[in-house]
Amino acid sequence: MATPHHIAMELVDAKAGVSSSTVAVHHMFVVVLEGIETDIHEGTLHGNPGKVTVTSPGNLSADGLQSVLVRGGGGGTVAFTLCGDAAAEGVQSASFVQCGATRVDGARAVSVSRCRSVDVEQAGKVTLERCREVRLRGGGLLRATRCRRTDVESFGEVRLARCKGARADWCGSVEVEMCRVVDVSRCGAVTGDRCRVVNVSSCGSVAVTHAVVKMLEEKQLQSQSQQPLSPHSSDSE
């Protein structure tokens, strides 16, 4: 397939003593850039603007791209910076810094900082900081700090700090610290301190201090969750 004039591939020499075919088998990424799918295990792939670079076997960076999807890499690591729409599927770990819409499926470790929206499914450990709209479905450990709206389901352990609005459903343990409004349903232990309002339904135990804790029926909690945050609240991102 011929590539447009604004996309170019620059290959670097394989390191001495390492078979390029071996590298290709174990660390091959599939990159979809501007609608074009390309296999890459070394070198740089340029967009307009931005670029994708294999920094070392199994490690890839994507910078300044409008839209990019990365798959595979033989359990590799992908880092996105200043991208518009950025997605990773089937990688070992993925990190995003100051991107627009981010999406991850099936990564063991995910780190997201200062991104507009986050959508994660089937992840291991997820760390979020100063993100706006967050949706998480299925994972091990979540740590979210200073996020605007966080919607999480089916995580083993959830830790929320200084978040504005959050909802946790079908999770193991949930810890909240200095959050504004948190809705927790069908979870195990709910603990924390210094939150404005914590709405709880059908959870194992609740021990949140210095907060207004409301024990609600599931229908009541759903009604509470649909209410918007106060329009007078100020953004902290």
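All values reported here derive from a predicted model rather than from experimental measurement.
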| Residues Asp169, Cys187; criterion side-chain contact (heavy atoms from CB on, under 4.5 Å); working and verdict | CA-CA 6 Å; Asp169 187 32; Cys187 296; 5.7 Å; no

| message | Between Asp63 and Phe80, does the side-chain contact (heavy atoms from CB on, under 4.5 Å) criterion hold? Intermediate values first, please. | response | CA-CA 6 Å; Asp63 303 281; Phe80 300 87; over 6 Å; no

For the pair [X] (side chain) and [Y] (backbone), establish whether a donor and an acceptor sit closer than 3.5 Å, ignoring hydrogens and angles.
{"X": "Ser201", "Y": "Leu216", "value": "yes"}
{"X": "Thr102", "Y": "Ser117", "value": "yes"}
{"X": "Glu34", "Y": "Asn48", "value": "yes"}

[X] [atom1] to [Y] [atom2] distance, which is reported to the nearest 0.5 Å:
{"X": "Arg148", "Y": "Cys131", "atom1": "CZ", "atom2": "SG", "answer": "13.0 Å"}
{"X": "Thr127", "Y": "Leu142", "atom1": "OG1", "atom2": "CG", "answer": "8.0 Å"}
{"X": "Cys195", "Y": "His210", "atom1": "SG", "atom2": "NE2", "answer": "11.5 Å"}
{"X": "Cys147", "Y": "Arg132", "atom1": "SG", "atom2": "CZ", "answer": "11.0 Å"}
{"X": "Ser113", "Y": "Phe96", "atom1": "OG", "atom2": "CZ", "answer": "12.5 Å"}
{"X": "Glu153", "Y": "Leu136", "atom1": "CD", "atom2": "CG", "answer": "10.0 Å"}

Between [Y] and [X], is the closest basic N to carboxylate O distance under 4.0 Å?
{"X": "Arg103", "Y": "Glu89", "result": "yes"}
{"X": "Arg135", "Y": "Glu133", "result": "no"}
{"X": "Arg71", "Y": "Glu37", "result": "yes"}

| field | Worked check of side-chain contact (heavy atoms from CB on, under 4.5 Å) between Val97 and Leu82 | value | CA-CA 6 Å; Val97 178; Leu82 296 172; over 6 Å; no

| task | Take atom CZ of Arg108 as the centre, draw a 6.0 Å sphere, and report whether it contains more than 12 heavy atoms from other residues, nucleotides or ligands. | result | no

| field | Residues, nucleotides or ligands: over 12 heavy atoms within 6.0 Å of Gln66 CD | value | no

| With no hydrogens and no angle check, do the side chains of Thr55 and Ser61 hold a donor and an acceptor under 3.5 Å apart? | no

Side chains of [X] and [Y]: closer than 4.5 Å at any heavy-atom pair?
{"X": "Val110", "Y": "Ser93", "value": "no"}
{"X": "Val68", "Y": "Val52", "value": "yes"}
{"X": "Leu45", "Y": "Val31", "value": "yes"}

| message | Please tell me whether Val118 and Leu141 are part of a single hydrophobic cluster in this structure, the criterion being side-chain heavy atoms less than 4.5 Å apart. | response | no

| message | Please say yes or no: joined through hydrophobic side-chain contacts below 4.5 Å, possibly via intermediate residues, are Met215 and Val176 part of one cluster? | response | yes

| task | Locate the shortest heavy-atom distance separating Val208 from Thr191; write the atom from each residue and the value. | result | CG2-C, 3.8 Å

